[in-house]
Amino acid sequence: MSNSENQTPLVEIKDLSIAFGGIKAVDHASLDLFPGEVVAILGHNGAGKSTLIKILSGAYKRDGGEIFVNGEKADINNPRDAKKYGIETIYQTLAVADNVDAAANLYLGREILTSYGTLDDTAMEAEARKVMGRLNPNFQRFKEPVSKLSGGQRQSVAIARAILFNAKILIMDEPTAALGPQETEQVGQLIHQLKKDGIGIFLISHDIHDVFDLADRVAVMKNGKMVGYAKTTDVTKDEVLGMIILGKCPDGAIPGPGAMQEA
Amino acid sequence: MNSLNNSVGADKVENEGIFTRFLRATEIDARLLGMIAALIMIWVGFHLYGLLVNGFGAFLTPRNLWNLSVQTASVAVMATGMVLVIVTRHIDLSVGSILGFSATAMAIMQVWILPEILGLGHPLIWVITVIFGLMVGCAIGAIHGYLIAYLGIPAFIVTLGGLLVWRGATFLLARGETIAPVDATFTKLGGGPYGAIGATGSWIVGLLACLALLGLLWQGRRKRVQFNFPQRPIWAETFLAIAGCAIIVGIVMLVNAYYWPKGIVRQYAEANNIDTPVSEIFISHGFAIPVLIMLAVGVMMTFLTTRTRFGRYVFAIGGNPEAAELAGIKTRWVTVKIFALMGTLCGLSAVIASARLGSASISLGTLDELYVIAAAVIGGTSFAGGVGTIYGAILGALLMQSLQAGMVLIGFDAAMQQMVVGSVLVFAVWIDTMYRRRAK
Ligand SMILES: Nc1ncnc2c1ncn2[C@@H]1O[C@H](COP(=O)(O)OP(=O)(O)OP(=O)(O)O)[C@@H](O)[C@H]1O
Ligand SMILES: [Mg+2]
């Protein structure tokens, strides 16, 4: 965090908590993100990664804690609020509307209208062709409902939707899980490009190699708690695996409340 | 016999290739053609039955088809709203009761209240009454929508309750009476010789419809060219233009071929001091006003579902409610709007139904929910959500009404009719399920 110490973080999450019934899915988790930075959130299945970012994207209401955007307290109660702060999300479940086409999905909730206030489908399709061309040049099925597309194509649609509206903060929950090698490479390049544009990215992934390629820092969660934070240059992959599996915080990392207590 | 079967089969496969190509080029929905085929089968079937059994085919006559169009209007108007309800994976069982309640509220307004204030036969009575009726329907629908969207009570339960509540309220409001007679201008909204626009008016409507069709085709093509999207082949565009206009002209000729009954003509001749013998006067009905209302509703609802944000949201919610919410759509508010719209359309159908009857009986609209749901489903609206069209629902309503009218012609009694309608509903959903499973 040294190089960014005197900058205001793009996002700062403080002591966020949420419980489903008795399960503390996220338990006093804190995290920050700076412009042009990629922070990977890691953890075992059910660690609370998706839940944490869903609070940030307005899908869930938090039980406690605060969110700051550009140093100012943000009031995020639903997905519309999050979008107002420039937070765009690619959900693990993709969350695409299956029965409308790709263009309609990209613009869902933010349609382009004609001067009469009606939907401008042709303009939306034209824009959709541009964005998808950048992301997945092989993609041609613009007229089909998204349910007819392959898993990877649907994922491309979900990614395109998130980058279409000049996001400042991008949340990617396992964005390449369904993608082929070429498309994954494309997403990697996209992430580099977005970084250069000064966009902050939260990346959730189980692929430790990808994470070390793409991320500047990692944050590891275990059972809803933060185990620790580390720059990818300060720790080895094995040490990060130790954080994920055992909750053991190595020397190069800053421990969080979920770190295994040394006896 | 065997070889004949084979050749027919082989022929079919070959034709299918051309046929599929035709469908793709014209972008006509295969389902639409299926529906039209079913409709023609029903019409011809009942006509032939009449020919063979009674020696007179009463079905395919201008008179019967004209009446059919008027009878269809009320159910069709509600079916267009039911499309949106079912598309978002809800159901509305209360439409018949909302219709009954709105009709009674309107009857009280124009029979008991307004004449006291404005004087009997005041020209504003029907206007105020209609607006009032629409508002009543809208309010009831909005209440249902609120209970469903914000309190999370399933639509099935809310509207099942509504079915009883509003029928009961109708009974209380009308004190068990049939309220009549309604305002004279108001009755024209229900059709009849005076509630139709005549030959010239119908030709004007037909002409406008043809122009609109050509305009839409042309504009669609221009936009595709502008953005360099794939276009329909010219022959397909020409076919759509010619076939569309031919159908419109045919319908105008049909409604104009149904003349006023002699009794009405005599009245009219006497009132206007016409000396020509009644047997030589032919006055065309032309389009009935309720049919024009239905067509206007069809156009407006099609516009709403395909060209506006609201429509887009309705279908997005139907396809994946969670995704719609995450995309930032106010899904609950959209749900309230859908049910309020459904209620408003029930109010409009109440106008048509009570105007046609000339009164509001407390049982008006009973069992309409079945016809309306059946119309929407036959028209291709899927209970799985996210799929449905307005024109399909209107055609579905026409199909249901054709069945009903045909059964009356044949002489089926009410019990038998109910059994057929119920079975058709179940059958239609089964066909839909099969169709979708195969389409996957
Ligand atoms: N809507 C919900 N209702 C109840 N429990 C939930 C809900 N969402 C998540 N949970 C629970 O919260 C915990 C954290 O889930 P979460 O989806 O955040 O895990 P994750 O870290 O994203 O895992 P994965 O790597 O499998 O995606 C899990 O125990 C899960 O069962
Ligand atoms: Mg997850």
Side-chain angles (χ1 to χ4, degrees), chain A residues 54 57-60 78-84 87-101 103-114 116-130 140 142-143 145-148 154 157-158 161-162 164-165 171 173, chain B residues 24 27 83 86-89 216 219-232 299-300 302-334 380-389 436 439-440:
Chain A
K54 274 187 169 176
S57 71
Y60 290 153
N78 57 49
R80 285 181 299 285
D81 291 343
K83 282 170 209 271
K84 260 182 246 151
I87 301 174
E88 293 289 335
T89 312
I90 300 155
Y91 293 97
Q92 189 171 13
T93 52
L94 301 186
V96 287
D98 290 300
N99 55 327
V100 296
D101 62 20
N105 259 293
L106 295 194
Y107 283 93
L108 196 57
R110 292 176 284 202
E111 289 76 7
I112 303 180
L113 299 181
T114 64
Y116 307 109
T118 59
L119 295 174
D120 196 342
D121 278 321
T122 23
M124 288 192 268
E125 189 177 334
E127 283 299 314
R129 280 174 189 270
K130 268 193 233 160
Q140 283 306 328
F142 284 94
K143 287 270 178 239
V146 170
S147 61
K148 300 246 167 89
R154 289 154 61 88
V157 170
R161 177 171 66 186
L164 191 58
F165 290 95
I171 301 169
D173 196 347
Chain B
R24 181 155 344 108
E27 295 175 7
V83 171
I86 298 179
V87 158
T88 47
R89 308 183 185 187
L216 282 177
Q219 204 206 356
R221 188 167 183 88
R222 208 194 45 159
K223 275 218 145 176
R224 288 182 193 211
V225 171
Q226 186 188 344
F227 284 90
N228 220 349
F229 294 163
Q231 296 144 35
R232 289 190 198 114
V299 169
M300 266 157 34
T302 303
F303 177 81
L304 197 67
T305 48
T306 59
R307 308 281 357 127
T308 69
R309 273 195 169 154
F310 170 72
R312 170 77 29 103
Y313 293 171
V314 167
F315 283 86
I317 292 172
N320 188 344
E322 199 202 343
E325 179 75 38
L326 290 177
I329 296 172
K330 295 177 182 166
T331 52
R332 294 173 181 199
W333 180 227
V334 173
T381 308
S382 169
F383 272 104
V387 185
T389 57
R436 279 179 213 291
K440 254 178 201 163

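By convention in this document, chain letters (A, B, ...) are assigned in the order of the sequence lines, proteins followed by strands, and residues within each chain are numbered from 1.
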Any donor and acceptor pair, going by atom type alone, linking the side chain of Arg312(B) with main-chain N or O of Ala104(A) inside 3.5 Å? no
Could you measure the distance from the CG atom of Leu119(A) to the CZ atom of Phe303(B)? Nearest 0.5 Å is fine. 8.5 Å
Return yes when atom NZ of Lys330(B) has more than 12 non-hydrogen atoms of other residues, nucleotides or ligands closer than 6.0 Å, and no otherwise. no
Top contributor to chain B interface from Pro145(A), Ala97(A), Pro79(A) [non-hydrogen pairs under 4.5 Å]: Pro79(A)
Has Asn99(A) got a side-chain atom pairing as donor or acceptor with Val387(B)'s backbone, closer than 3.5 angstrom? no
Identify which part of Leu94(A) has an atom lying under 4.5 Å from any heavy atom of chain B, answering side chain, backbone, both or neither. neither
If I measure from the heavy atoms of chain B, does Asp121(A) come under 4.5 Å with its side chain, its backbone, both, or neither? both
Within the structure provided, determine whether Glu111(A) and Thr308(B) are in side-chain contact (heavy-atom separation under 4.5 Å). no
So which of Gly385(B), Gly328(B), Ala324(B) has the largest heavy-atom pair count under 4.5 angstrom toward chain A? Gly328(B)
Around atom CD of Glu322(B), are there more than 12 heavy atoms of other residues, nucleotides or ligands at under 6.0 Å? no
Taken to the nearest 0.5 Å, the spacing of Thr93(A) OG1 from Leu326(B) CG works out to 7.0 Å
Bottom line for Phe315(B): the part with an atom under 4.5 Å from chain A's heavy atoms is both
Highest number of heavy-atom pairs under 4.5 Å with chain B: which of Lys143(A), Arg161(A), Arg110(A), Arg129(A)? Arg129(A)
Within this structure, what is the CG-CG distance for the pair Leu108(A) and Asn320(B), rounded to the nearest 0.5 Å? 10.0 Å
Is the shortest heavy-atom distance from the side chain of Thr122(A) to the side chain of Arg224(B) under 4.5 Å? no
Is Tyr91(A) close to chain B through its backbone or its side chain, or both, or neither, when contacts mean heavy atoms under 4.5 Å? side chain
Mind listing the closest non-hydrogen atom pair of Arg307(B) and Asp120(A) along with its distance? NH2-N, 4.5 Å
